[in-house]
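Remarks on the structure that follows.
Worth saying up front: this structure is predicted, and the values here are computed from it rather than measured. Counting begins at 1 with the first residue of the sequence.
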Amino acid sequence: MMKNKLFVSAFILAIVVTGCAKDVQNSQAKETIRQKITGLKTPESVVQAKDGRIFVSEINVFGKEGDGQITLIDQSGKTSVFASGLNDPKGLAVINGNLYVADNKKVLKITPDGKSSVFAKAEAFSSALHGSPYFLNDLEADPQGNLYVSDSGDLFGTGLGGAIFKINPQGQVILLQSNMQDARIKAPNGLLADDTGDVLIVVDFTSGVLYSFNQKTKALNDIAEGFGGGDGLVHRSNGTMYVSDWKNGKVFSVNTKGEVEVLKSGYQSAADIAISKDEKYLMVPDMKAGELDFIPLAK
């Protein structure tokens, strides 16, 4: 049930008027691949670049170092390995043509030619949190070039390790919120930033609650609930938000009135979703099925 429709409307207005860097820039993009991609190895996250190329993070075997990779999908639907030798790659974001990856306890930067380097080391998160990061998960970029990273902690509902970080363009890691500061931060997962750089929307994997977090006031407000194992979180330029439920294999839509509906169900584990640059499709990695699905979106 939506708990703060006025806030949701205000947030949606902010992202509709100015356009969030992660989801807009539609006019320059080519049409998205329409056919389901199969044969992926534990796909977790997906993102599309301005030129139409799609990147998917493949974890492969959880906890096994070096067997993760980033797969590139071109306009014809052909797949190729863009970067290999990763550990447990999850959240993806694109800034200025570079691909950023949450890889276990660090964040990588991969240049357009596939060369990888560490953008934020595990030690940087440890210093900000005063403890080792547990499970770096989703990534979100804002127009100012900042990255936001969720640490979903131990995923057992205790809140141990749950945190949200900000990384500035120089690679400095700043702790925004953690379970030690607010017990409602159990296992933060999907993130969505507005263009002011002031507000983050966060969905929690453990509680299934959608929160707003004000970076200036540090206020954390719950605005919707019932998202099960909340995972991916994105928005469309018309204001509609989408949330994936990993545990129950569902994808929800949240319209500008704050009304929540199931968009599609039947996935084995709907992970970190994204919207194609032409906004014609919602891209859904089904982790356990090893597939990338495309949900057509109405105009």
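Among the candidates Asp222, Val203, Asp204, the single residue satisfying the side chain to side chain contact (heavy atoms under 4.5 Å, CB included) test with Leu210 is Val203. Looking at Ile273, Leu292, Asp293 one by one, the single match for side chain to side chain contact (heavy atoms under 4.5 Å, CB included) with Val46 turns out to be Leu292.
Without hydrogens or angle criteria, Ser269 side chain to Lys288 main chain gives a donor-acceptor distance under 3.5 Å. In this structure a side-chain-to-backbone donor-acceptor pair under 3.5 Å is missing from Glu65 to Asn87. Ser150 places a side-chain N or O within 3.5 Å of a backbone atom of Asn189 that can act as its donor or acceptor partner. Remark: the backbone N or O of Gly232 is paired with a side-chain donor or acceptor of Ser244 at under 3.5 angstrom. Judged by distance alone, with hydrogens and angles left aside, the side-chain atoms of Asn214 form no donor-acceptor pair with the main-chain N or O of Lys218 at under 3.5 Å. No donor-acceptor distance shorter than 3.5 angstrom exists from the side chain of Arg236 to the backbone of Tyr242, with no hydrogens or angles considered. Without hydrogens or angle criteria, Asp286 side chain to Gly290 main chain gives no donor-acceptor distance under 3.5 Å. With Glu140 contributing its side chain and Ala193 its backbone, the two residues share a donor-acceptor pair below 3.5 Å. Remark: the backbone N or O of Gly249 is not paired with any side-chain donor or acceptor of Asp245 at under 3.5 angstrom. Proximity of a side-chain donor or acceptor of Thr38 to a complementary backbone N or O of Glu291 within less than 3.5 Å is not detected.
Residues Gln75 and Gly52 share a closest heavy-atom pair of NE2-O, 2.8 Å. Heavy atoms only, all atoms of each residue included: Thr111 and Asn98 are closest at CA-OD1, 3.5 Å. Across Ser57 and Leu92, no two heavy atoms sit closer than the pair N-CD1, 3.7 Å. Nearest heavy-atom pair across Val202 and Pro188 is CG1-CB, 3.8 Å. Of all heavy-atom pairs between Asn238 and Thr240, the closest is OD1-N, 3.0 Å. The heavy-atom pair separating Asp272 from Asp138 by the smallest distance is OD2-OD1, 2.8 Å.
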Check: Can Ser152 and Asn137 be said to form a side-chain hydrogen bond (donor to acceptor under 3.5 Å, both in side chains), step by step?
Finding: CA-CA 6 Å; Ser152 296; Asn137 207 334; 2.9 Å; yes
Verdict with supporting geometry, Asp88 and Phe62, side chain to side chain contact (heavy atoms under 4.5 Å, CB included):
CA-CA 6 Å; Asp88 286 345; Phe62 269 101; 4.0 Å; yes
Practice prompt. Show your working on side-chain hydrogen bond (donor to acceptor under 3.5 Å, both in side chains) between Gln215 and Tyr148 and close with a plain yes or no.
Written response: CA-CA 12 Å; Gln215 295 187 56; Tyr148 300 90; 3.2 Å; yes
Mind running side-chain hydrogen bond (donor to acceptor under 3.5 Å, both in side chains) on Thr71 and Gln69 for me, showing each step along the way? CA-CA 6 Å; Thr71 291; Gln69 65 184 31; 3.2 Å; yes
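Shown here is Lys64, whose NZ atom has no more than 12 heavy atoms of other residues, nucleotides or ligands within 6.0 Å. Other residues, nucleotides and ligands contribute more than 12 heavy atoms inside 6.0 Å of the CD atom of Gln268.
Distance check, rounded to the nearest 0.5 Å: CG of Leu297 to CD1 of Ile275 gives 6.0 Å. Taking CG of Leu147 as the start and CG of Asp142 as the end, the distance is 8.5 Å to the nearest 0.5 Å. Between the CD1 atom in Ile59 and the CG atom in Asp67 there is a gap of 9.5 Å [rounded to 0.5 Å]. To the nearest 0.5 Å, atom CD1 of residue Ile223 and atom CD1 of residue Ile201 are 4.0 Å apart. Note: Leu108 CG to Asp103 CG = 4.5 Å, rounded to the nearest 0.5 Å.
Taking the six-membered ring where the residue is Trp, the centroids of Phe252 and Phe227 are separated by under 6.0 Å. Aromatic rings of Phe119 and Tyr100 (six-membered ring for Trp) have centroids within the 6.0 Å cut-off, being under it.
Ion pairing of Glu58 with Lys41 is absent here, as no side-chain N (NZ or NE/NH1/NH2) approaches a carboxylate O to less than 4.0 Å. For Lys105 and Asp151, the salt-bridge test fails: no basic side-chain N is under 4.0 Å from an acidic carboxylate O.
At a threshold of 4.5 Å between side-chain heavy atoms, the hydrophobic network of Ile, Leu, Val, Met, Phe, Trp and Tyr places Leu139 and Leu175 in one connected group. Tracing side-chain contacts under 4.5 Å through hydrophobic residues (I, L, V, M, F, W, Y), one reaches Leu72 starting from Val94; they form part of the same cluster. Residues Val209 and Leu176 fall within the same hydrophobic cluster, defined by Ile, Leu, Val, Met, Phe, Trp and Tyr side chains chained together at heavy-atom separations under 4.5 Å. Grouping the Ile, Leu, Val, Met, Phe, Trp and Tyr side chains by contacts below 4.5 angstrom, directly or via other members, places Met287 with Phe205. Each of Val81 and Ile73 belongs to its own hydrophobic cluster when Ile, Leu, Val, Met, Phe, Trp and Tyr are linked at side-chain heavy-atom distances under 4.5 angstrom.
Using bins of under 30°, 30° to 60° and over 60° for the plane-to-plane angle, the ring pair Phe294/Tyr281 lands in the perpendicular bin.
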